[in-house]
> 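Got a structure here, written out as structure tokens. Questions coming.
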Amino acid sequence: MSLPDCICPVCGLKMENGSTENSSLPSSSYQTCLRKCTSCRIGYSNSQTDMTVIYADYIMNVPEQVRALLPEIIDKSINVNNRTAKKIKLGFNTSEDALTWTVFRHLQISNGISALIESITSNKSTGQCVVYYWGTPVTDEDMIITSKRKLLESVLLEIGENDQKMSEPDIIIEDDETLIFLEIKFGSLNDSQDTSEKWKKYDNRRYFKENIMNVPNLREYQLVRNWCIGNMLAEKTGKKFKLINLVFSDKDTNDLAEFKDNLNQTEKSAFKRMNWRILLQDIAQTEESQWLVSWLSTRKPKLIMSDLLTGKIHIKYNENEKVEAR
């Protein structure tokens with residue numbers, strides 16, 4: 001079935017439509033979109049309705065206010081093998097990475113990271129605040145701290161990870177006393193998979209009550225991995241550790257019972273789930289953040305701030321994150 005014509009959301013002109021009666025190819029990038037505006041280099045996914053916007057240049061999928069430094073950070077992301085795929089995914093208006101970068105870069109540029117640390121820890125932030133984007137630590141002055149990056153890499157190598165495929169916590173924030181890992185979810189659930197050989201390297205009894213390979217129904221691989229990595233890094237830096245699962249709605253995500261029950265939580269290390277509303281409620285009230293409020297409404301699904309803060313937005317999660325879109 002041929003696809004309906006579309007209007008370019010940038011220039012307002014009719015897009016080229018290369019679909020035919022037999023079109024069924026999913027869109028894995030701008031290049032595979034059958035409807036596109038070659039002037040604006042933007043396309044729509046190959047679906048009849050509820051299309052995904054896909055940019056040829058991922059930088060155009062984030063607001064102008066936070067574009068600086070993004071290409072450099074992507075090219076330094078700690079998972080070397082994933083850099084090309086990350087750029088493609090960043091071009092989708094469903095991208096968790098685009099949302100994460102935009103919100104946290106805005107917080108950092110507007111000196112909001114210390115307030116976020118205080119909100120998470122209930123203690124006033126102390127010292128220099130640093131944000132790690134996909135493993136690369138950046139100061140408020142946009143300086144990349146090589147020593148911190150190397151320390152994280154050393155922890156991952158000590159665990160036994162491949163130096164070309166290192167784990168990338170979505171966001172890490174820290175000050176002089178606290179290290180916080182954030183596992184961030186937007187349009188997908190927490191990663192859920194059966195235990196396998198790759199889990200074993202994270203099975204550290206200092207951080208888990210039981211052998212993670214033997215816990216029935218334990219499936220949260222990303223959270224397990226981040227709990228181990230974060231605790232090890234915190235021990236080496238002498239800091240307290242928090243692992244935060246940032247989600248849009250608790251009721252839409254897995255309950256994490258087996259994961260939480262098996263954690264060795266202490267005064268120095270803890271896990272908690274946090275709702276995006278807590279993060280965004282202060283942003284929505286500042287005049288200098290209105291560009292971000294407007295940009296959120298361009299996401300898929302649309303994030304209308306008034307609905308988001310009142311809990312009216314319901315995220316329909318995909319079971320798995322995929323590059324391709326219909």
Side-chain angles (χ1 to χ4, degrees), residues 57-80 82-84 86-87 89-90 95-121 125-157 163 166-184 186 226 229-230 232-234 236-244 246 274 276 279-280 282-283 286 288-289 291-292 295:
D57 183 355
Y58 67 88
I59 200 72
M60 300 304 293
N61 193 36
V62 300
E64 186 176 356
Q65 291 87 342
V66 294
R67 289 176 186 168
L69 202 64
L70 178 56
E72 180 179 357
I73 295 299
I74 295 296
D75 286 337
K76 292 179 182 294
S77 56
I78 205 165
N79 186 332
V80 176
N82 194 46
R83 289 172 183 171
T84 298
K86 185 182 295 295
K87 291 177 181 179
K89 291 180 183 179
L90 270 163
S95 171
E96 288 178 355
D97 281 346
L99 182 71
T100 297
W101 170 265
T102 299
V103 171
F104 279 86
R105 268 304 277 168
H106 170 62
L107 283 173
Q108 188 171 33
I109 291 169
S110 60
N111 299 313
I113 297 299
S114 59
L116 177 57
I117 292 175
E118 185 173 349
S119 174
I120 291 172
T121 64
S125 179
T126 59
Q128 182 186 54
C129 293
V130 177
V131 182
Y132 297 60
Y133 301 95
W134 308 297
T136 298
V138 181
T139 69
D140 289 346
E141 295 77 29
D142 290 351
M143 299 294 294
I144 294 174
I145 308 180
T146 303
S147 60
K148 289 182 179 292
R149 163 71 175 251
K150 287 183 176 179
L151 181 59
L152 174 59
E153 289 177 338
S154 72
V155 167
L156 297 173
L157 291 173
D163 63 359
M166 289 183 172
S167 294
E168 286 182 346
D170 293 329
I171 289 287
I172 303 173
I173 57 178
E174 69 172 341
D175 62 7
D176 285 354
E177 297 182 355
T178 307
L179 179 74
I180 301 170
F181 277 41
L182 292 106
E183 178 62 33
I184 298 171
F186 171 40
N226 282 334
I229 296 168
M232 285 189 66
L233 185 59
K236 289 183 180 296
T237 57
K239 298 182 179 183
K240 294 182 178 180
F241 172 61
K242 302 281 187 183
L243 173 59
I244 305 298
L246 186 62
M274 180 175 167
W276 272 95
L279 184 64
L280 295 175
D282 291 335
I283 291 176
T286 60
E288 62 269 22
S289 301
W291 62 266
L292 176 56
W295 180 82

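Source: prediction; values computed, not measured.
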> Side chains of V62 and T102, heavy atoms from C-beta outward: is any pair under 4.5 Å?
yes
> A side-chain contact here means heavy atoms from C-beta on lying under 4.5 Å apart; do H106 and W295 qualify?
no
> Report yes if the side chains of R67 and M60 come closer than 4.5 Å at any heavy-atom pair, otherwise no.
yes
> Answer yes or no: does atom NZ of K86 have more than 12 heavy-atom neighbours from other residues, nucleotides or ligands under 6.0 Å?
yes
> Could you tell me whether D142 and R105 make a salt bridge, using a distance below 4.0 angstrom between a side-chain N and a carboxylate O?
yes
> Using every non-hydrogen atom in the two residues, find where V155 and K236 come nearest and quote the distance to one decimal.
CG2-CD, 3.6 Å
> Is there a donor-acceptor contact under 3.5 Å linking the side chains of D175 and S125?
yes
> Does any non-hydrogen side-chain atom of I229 lie less than 4.5 Å from one of L152?
yes
> State, to 0.1 Å, how close M166 and N79 come at their nearest heavy-atom pair, and which atoms those are.
O-CB, 3.4 Å
> Between K87 and D75, does at least one N-O distance fall below 4.0 Å, as a salt bridge requires?
yes
> Distance check, rounded to the nearest 0.5 Å: R149 atom CZ versus K76 atom NZ?
7.5 Å
> List the atom of P169, the atom of N226, and the distance in Å for their closest heavy-atom pair.
CG-OD1, 3.9 Å
> Would you indicate whether the side-chain heavy atoms of L90 and N61 approach each other to under 4.5 Å?
no
> Is there a side-chain contact between Y58 and L70, using heavy atoms and a 4.5 Å cut-off?
yes
> Do E288 side-chain atoms and S110 backbone N/O form a donor-acceptor pair below 3.5 Å?
no
> First locate atom CG of L107, then atom CG of L116, and finally report the distance between them rounded to the nearest 0.5 Å.
6.5 Å
> From Q108 CD over to D140 CG, what is the distance, rounded to the nearest 0.5 angstrom?
5.0 Å
> How far does CG of L279 sit from CZ of F104, to the nearest 0.5 angstrom?
5.0 Å
> Are L292 and V66 close enough, and set up right, to give a side chain to side chain contact (heavy atoms under 4.5 Å, CB included), and what steps lead you there?
CA-CA 10 Å; L292 176 56; V66 294; over 6 Å; no
> Compare every heavy atom of E168 with every heavy atom of S77, then report the nearest pair and how far apart it is.
CB-OE2, 3.2 Å
> Taking the ring centre of each residue, are F181 and F241 less than 6.0 Å apart?
yes
> Roughly how far, to the nearest 0.5 Å, is the CD1 atom of I109 from the CD atom of Q65?
9.0 Å
> So which heavy atom on V130 is nearest to which on P137, and how close?
CG1-CB, 3.7 Å
> Apply side chain to side chain contact (heavy atoms under 4.5 Å, CB included) to Y132 and I78, showing your working.
CA-CA 10 Å; Y132 297 60; I78 205 165; over 6 Å; no
> Step by step, work out the side chain to side chain contact (heavy atoms under 4.5 Å, CB included) result for T178 and T126.
CA-CA 9 Å; T178 307; T126 59; over 6 Å; no
> What do the steps show when you test W134 against I74 for side chain to side chain contact (heavy atoms under 4.5 Å, CB included), and what is the final call?
CA-CA 8 Å; W134 308 297; I74 295 296; 3.4 Å; yes
> On a heavy-atom basis, which atom in D176 and which in G127 lie closest, and how many Å separate them?
OD2-CA, 3.1 Å
> CD of E183 to CG of L246: how many Å apart, nearest 0.5 Å?
10.0 Å
